[in-house]
Every structure is written in structure tokens, then in C-alpha cells.
Amino acid sequence: MAKIRMTTPLVEIDGDEMTRILWQMIKDELLLPFIDLNTEYYDLGLEKRDATDDQITVDAANAIRRYGVGVKCATITPNAARMEEYHLKQMWKSPNGTLRAILDGTVFRTPILAEGISPVVSRWKKPITIARHAYGDVYKNTEFRVPGKGTAKLVFEGEDGTVSEQEIFSFEGPGILQGTYNLDSSIASFARSCFSYALSVKEDLWFSSKDTISKIYDANFKEIFQTVYDSEYKEKFEEAGITYFYTLIDDAVARVMKSEGGFVWACKNYDGDVFSDMLSSAFGSLAMMTSVLVSPDGCYEYEAAHGTVQRHYYKHLKGEETSTNSVATIFAWTGALRKRGELDGIEELVTFADKLEQATLNTIAKGTMTGDLVLITSLPNPVKVSSLGFIQAIRAELESLL
């Protein structure tokens with residue numbers, strides 16, 4: 001068949017370690033043979049971020065703003081060990097945090113359900129979508145190592161010259177400080193994104209934080225959500241037959257475990273990071289969860305919800321065979337291609353994305369899968385294949401569908 005032509009580029013953001021290896025395999029086996037792939041490429045591998053003083057991350061975010069759709073490979077957020085391993089100039093901040101801050105979007109993460117892969121929580125029958133705030137909090141924090149005895153204070157200097165000051169703690173010895181922030185405008189955008197998404201999928205929306213402890217910071221989230229709901233979405237929710245409610249984060253966790261799924265759970269930035277990993281693992285595998293960042297002005301950035309699969313990468317470097325699950329990375333590409341096709345009116349691209357997803361799920365349903373799924377599948381006599389073998393099996397299934 002003739003290759004599908006694209007009229008507008010996708011912003012392609014490459015990453016690190018084993019997911020970078022899978023990225024190229026997916027392109028070579030599942031995309032380039034079928035699509036005249038049109039991308040604007042940004043390498044967010046750790047070495048390139050270090051060489052450009054992380055400017056390339058900013059450039060990638062601005063490219064998504066220009067073109068409207070991006071697809072991203074998993075990247076490393078360096079810690080002290082990574083700084084030494086890669087000989088970095090400094091401990092660069094999370095690239096995802098930078099992208100989220102520039103795009104001011106909300107991250108929606110949903111598990112991929114496949115035949116023969118049953119959730120660990122037996123009551124779960126439907127996917128649970130995590131809506132994660134994508135601005136501020138610990139991803140843009142300011143940290144300080146307290147050298148010794150002294151007093152820590154919060155100080156705000158207003159533009160009009162007024163100064164507000166509050167003591168945080170009186171240190172008797174060395175310790176640590178951390179400052180986080182957020183914006184009412186970003187929280188309101190987050191709330192609107194969540195309400196709109198819940199309406200689009202006709203699912204209940206939960207929002208959780210800890211306003212009993214964080215009586216100003218978390219309470220502000222709660223109040224803004226309620227105000228936006230009451231003034232803009234209450235009647236729409238009632239007409240759609242869905243509900244919104246707020247609960248404490250610990251109560252939400254208990255409720256989630258006892259639910260059947262089928263709702264959207266909105267969380268602050270770090271809460272959403274943690275619980276999306278919990279949900280993806282409990283639904284089957286960390287490599288079986290989609291993630292899309294949606295900005296208020298209609299930009300989309302698709303990626304896998306998991307990390308760079310460091311352990312498998314070290315095996316790969318030694319020449320050892322790996323069996324790494326590429327499903328979420330494949331679905332990042334299909335999500336971006338589908339959205340590009342929808343925005344540009346290219347029905348062939350939308351259909352291709354649908355068939356590639358179906359081919360991926362069919363491959364698993366027929367018992368061919370990577371090692372992580374072999375350990376948890378209920379299918380009889382599953383066949384464990386290599387990282388490349390899995391992708392090639394998907395290609396064979398895709399060709400039969402096409």
C-alpha cells in the first residue's frame with residue numbers, strides 16, 4: 001500500500017536508555033514502512049539536555065505550542081548518582097515538569113486493558129483515569145540545605161512595596177528546606193480541563209487533596225474546583241448524569257480500592273505522579289498506561305507513563321537480550337498520530353492509529369507478549385518474546401489488519 005502522507009509535522013521528542021532503543025524499533029518496524037512520517041525532532045537525551053543547558057527542553061515545548069501535537073519518549077530526571085554517571089553540569093530538573101509548566105496543561109493517564117491481563121484489584125472492571133495537575137509543586141521547587149542553627153522564614157515582597165513575613169522553623173542544627181508554589185489561574189485551568197474531560201467520557205470526577213493539613217495551599221485547590229464546578233459545570237454534569245465530589249486523599253485511596261473503576265480521579269501534581277504508577281501496576285504493568293498532556297489552548301503531548309527502563313538498558317549494553325514491554329510507547333505514537341490526523345482531516349492516519357492499537361492488543365490476546373506480561377497473564381501457554389520480537393509480532397498482525 002502507498003504510504004500515508006502527513007501535512008503537518010508532529011513534534012518528536014526522543015529520550016533515554018531502553019525506551020530510546022524501543023523508540024527507534026517502533027519507528028523502523030511499525031511506522032516508517034506505512035507512513036511518510038513528518039516530524040520536527042528534538043533530542044531530550046540527558047547528554048543533549050546537559051550540552052544545551054536544558055534549552056532544548058524549552059525549545060521542544062515551544063514547538064508543541066506551534067504545531068499542536070507532540071509525542072515524547074521517556075527521559076531521565078537526574079539525581080546525584082545520575083549526575084556522576086553522566087558527568088552533568090548540574091542536576092537538571094524534570095523535563096516533563098518543564099514541558100508541563102510551559103504548556104500549562106493537565107496530564108490524563110489511563111491504563112490499557114488487554115485480554116488475559118486482569119487487574120490485581122479484583123473489583124476493578126473499568127479503567128480509572130488519573131488527571132494530574134501539571135504545574136508547580138515539587139517539580140518546580142526551590143530547595144535549600146540548612147547549614148546549622150538559625151531561623152527559616154517565608155518572605156513575600158509585594159509589587160507595591162509591602163512585605164509579608166512568616167516564620168517557618170527555628171533550626172537547632174543542620175536540616176533542609178523546600179519551597180513550592182502554585183497559581184490560581186493554573187489551578188482553575190486544571191479544574192476546567194478535568195470537568196471537560198469527565199464530560200467528554202461521561203464519567204464521574206473525583207478530586208482529592210489534604211486540606212485538613214494544608215489549610216491554605218490544598219484548601220485553595222478545593223475551593224477553586226468547587227467554584228468552577230458550581231459556576232460552569234454543575235448543570236452540565238447533572239444533564240449528563242455524572243457527579244463531582246471532593247474527598248481527602250487518604251479517603252480517596254480507600255474508595256479507589258473498593259470501586260469498580262470507570263471514573264476520573266483528579267490529583268495534585270505529585271499525588272498524580274505516584275498514584276498513576278500505582279494504578280498502572282495494579283491494572284497490569286507500568287508499561288500499560290497511556291499519558292497525554294492537554295493544554296488549555298488545545299495542545300497535546302503524548303507519552304508513556306513509565307520511566308526509561310534502566311535495568312534493561314544495562315543488559316542491552318552488555319549485548320544481552322531484553323524482553324521490554326513497548327505497549328505504552330506504541331500507544332503514545334498512536335495517540336499523537338490519531339490526534340494529528342483528526343486535526344488535519346487525514347482519515348487514513350486516524351484509521352492507521354486505530355489498527356496499530358488493535359494489532360498490539362491482538363498480539364497479546366494471542367499469547368505473544370513480553371516477560372512482564374507473561375508473569376501476570378491468565379492466558380494458557382503464553383510465549384515470551386524479546387523486545388524486538390514483540391514489535392515484529394505486532395507488525396505481522398498489523399499487516400494482516402491493513
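Note: hydrogens, waters and symmetry copies are ignored here, and every other heavy atom, side chains too, is used.
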Student: Taking ring-ring contact (aromatic ring centres under 6.0 Å, His included) as the definition, give me every residue that meets it alongside W23, ordered by chain and number, with sequence neighbours left out.
Tutor: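 Scan of W23 (ring-ring contact (aromatic ring centres under 6.0 Å, His included), adjacent residues dropped) gives W333.
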Student: Do R66 and E40 meet the salt-bridge criterion of a basic N to acidic O distance under 4.0 Å?
Tutor: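 Salt bridge between E40 and R66, a charged N being under 4.0 Å from a carboxylate O: yes.
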Student: Listed by chain and number, what are the ring-ring contact (aromatic ring centres under 6.0 Å, His included) partners of F195, not counting sequence neighbours?
Tutor: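 Scan of F195 (ring-ring contact (aromatic ring centres under 6.0 Å, His included), adjacent residues dropped) gives F225, Y229, Y233, F237, Y244.
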Student: In terms of side-chain heavy atoms, does H316 have a donor or acceptor partner in T322 at a distance below 3.5 Å?
Tutor: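 No, T322 and H316 have no side-chain donor paired with an acceptor closer than 3.5 Å.
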Student: For the residue pair Q358 and D354, confirm or rule out a side-chain donor-acceptor distance under 3.5 Å.
Tutor: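 Distance-only check fails for Q358 and D354.
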Student: Could you check whether K210 pairs with D250 (Lys NZ or Arg NE/NH1/NH2 to Asp/Glu carboxylate O, under 4.0 Å)?
Tutor: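 D250 and K210: salt-bridged.
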Student: Can you see which heavy atom on N269 is nearest to which on G136, and at what distance?
Tutor: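 Heavy-atom minimum between the residues: ND2-O, 3.4 Å.
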Student: Scan side-chain atoms only and decide if N96 and E303 contain a donor-acceptor pair under the 3.5 Å cut-off.
Tutor: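 Yes, side-chain donor-acceptor contact under 3.5 Å.
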Student: Using ring pair (Phe, Tyr, Trp, His ring centres under 6.0 Å) as the criterion, point out the one residue from Y246, F275, F263 that pairs with W206.
Tutor: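 Among Y246, F275, F263, the one meeting ring pair (Phe, Tyr, Trp, His ring centres under 6.0 Å) with W206 is F263.
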Student: Test: ring-ring contact (aromatic ring centres under 6.0 Å, His included). Region: residues 24-76. Which pairs qualify, not counting sequence neighbours?
Tutor: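 Found F34-F352.
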Student: How would you list, by chain and number, every residue that makes a ring-ring contact (aromatic ring centres under 6.0 Å, His included) with F171, sequence neighbours excluded?
Tutor: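 ring-ring contact (aromatic ring centres under 6.0 Å, His included) list for F171, sorted by chain: F169.
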Student: Between E232 and R192, is there a salt bridge with N-O shorter than 4.0 Å?
Tutor: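 Between E232 and R192 there is a salt bridge, with a charged N closer than 4.0 Å to a carboxylate O.
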Student: Any side-chain donor-acceptor pair under 3.5 Å between S209 and D211?
Tutor: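 Looking only at side-chain atoms, D211 and S209 do not form any donor-acceptor pair under 3.5 Å.
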Student: As an exercise, state the distance from CG of L10 to OG1 of T39, rounded to the nearest 0.5 Å.
Tutor: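 L10 atom CG to T39 atom OG1 measures 7.0 Å (nearest 0.5 Å).
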Student: Write out all pairs satisfying side chain to side chain donor-acceptor pair (under 3.5 Å) with one or both partners inside residues 97-112, taking only residues at least two apart or from two chains.
Tutor: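 For residues 97-112, and leaving out neighbouring residues, the side chain to side chain donor-acceptor pair (under 3.5 Å) pairs sorted by first residue read D104-S186, R109-S276, R109-S291, T110-T129.
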Student: Is there a side-chain contact between H306 and M288 (heavy atoms, below 4.5 Å)?
Tutor: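 No, side chains not in contact.
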Student: What residue pairs, at least two apart or across chains, pass side chain to side chain donor-acceptor pair (under 3.5 Å) with a residue in residues 140-151?
Tutor: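 Listed by first then second residue: E143-Q178.
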Student: Mind checking what makes side chain to side chain donor-acceptor pair (under 3.5 Å) contact with T351, not counting sequence neighbours?
Tutor: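 Side chain to side chain donor-acceptor pair (under 3.5 Å) list for T351, sorted by chain: empty.
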Student: Partners of E238 by side-chain contact (heavy atoms from CB on, under 4.5 Å), sequence neighbours excluded?
Tutor: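 E238 satisfies side-chain contact (heavy atoms from CB on, under 4.5 Å) with K234 once adjacent residues are dropped.
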Student: Using distance alone, with no hydrogens and no angle criterion, decide if W265 and S208 have a side-chain donor and acceptor under 3.5 Å apart.
Tutor: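 A pair is found: one side chain offers a donor N or O, the other an acceptor, under 3.5 Å apart.
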Student: Would you mind checking if K339 and D344 are paired as a salt bridge, meaning a charged N to carboxylate O distance below 4.0 Å?
Tutor: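 Between K339 and D344 there is no salt bridge, as every charged N stays at least 4.0 Å from the carboxylate O atoms.
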Student: Considering only distance and modelled atom types, tabulate donor-acceptor pairs under 3.5 Å from the side chains of residues 73-84, sequence neighbours left out.
Tutor:
| from | atom 1 | to | atom 2 | distance (Å) |
| --- | --- | --- | --- | --- |
| T75 | OG1 | K72 | NZ | 2.9 |
| N79 | OD1 | A81 | N | 3.2 |
| N79 | OD1 | R82 | N | 2.9 |
| R82 | NH1 | E17 | OE2 | 2.7 |
| R82 | NH1 | E85 | OE1 | 3.4 |
| R82 | NH2 | E17 | OE1 | 2.9 |
| R82 | NH2 | E17 | OE2 | 3.3 |
| R82 | NH2 | Q310 | OE1 | 3.4 |

Student: Holding to side-chain contact (heavy atoms from CB on, under 4.5 Å), I want the full list of residues that pass it with K89, two or more places apart in sequence or in another chain.
Tutor: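 Applying side-chain contact (heavy atoms from CB on, under 4.5 Å) to K89 gives D50, D53, W92.
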Student: Keeping to residues at least two apart or across chains, list the side chain to side chain donor-acceptor pair (under 3.5 Å) pairs with something in residues 391-402.
Tutor: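 Of all non-adjacent pairs touching residues 391-402, those that pass side chain to side chain donor-acceptor pair (under 3.5 Å) are E29-R395, N362-E397, K366-E397, R395-E399.
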Student: Tell me every residue that passes salt bridge (charged side-chain N to carboxylate O under 4.0 Å, His left out) with K93, counting only those two or more places apart in sequence or in another chain.
Tutor: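 Salt bridge (charged side-chain N to carboxylate O under 4.0 Å, His left out) list for K93, sorted by chain: empty.
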Student: Looking at every heavy atom in both T368 and F390, which two are closest together, and how far apart are they?
Tutor: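 That would be O-CE1, 3.6 Å.
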Student: Verify the distance criterion only: is there a donor paired with an acceptor across the side chains of Y313 and D16 at less than 3.5 Å?
Tutor: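 Y313 vs D16: no donor-acceptor pair found between side chains.
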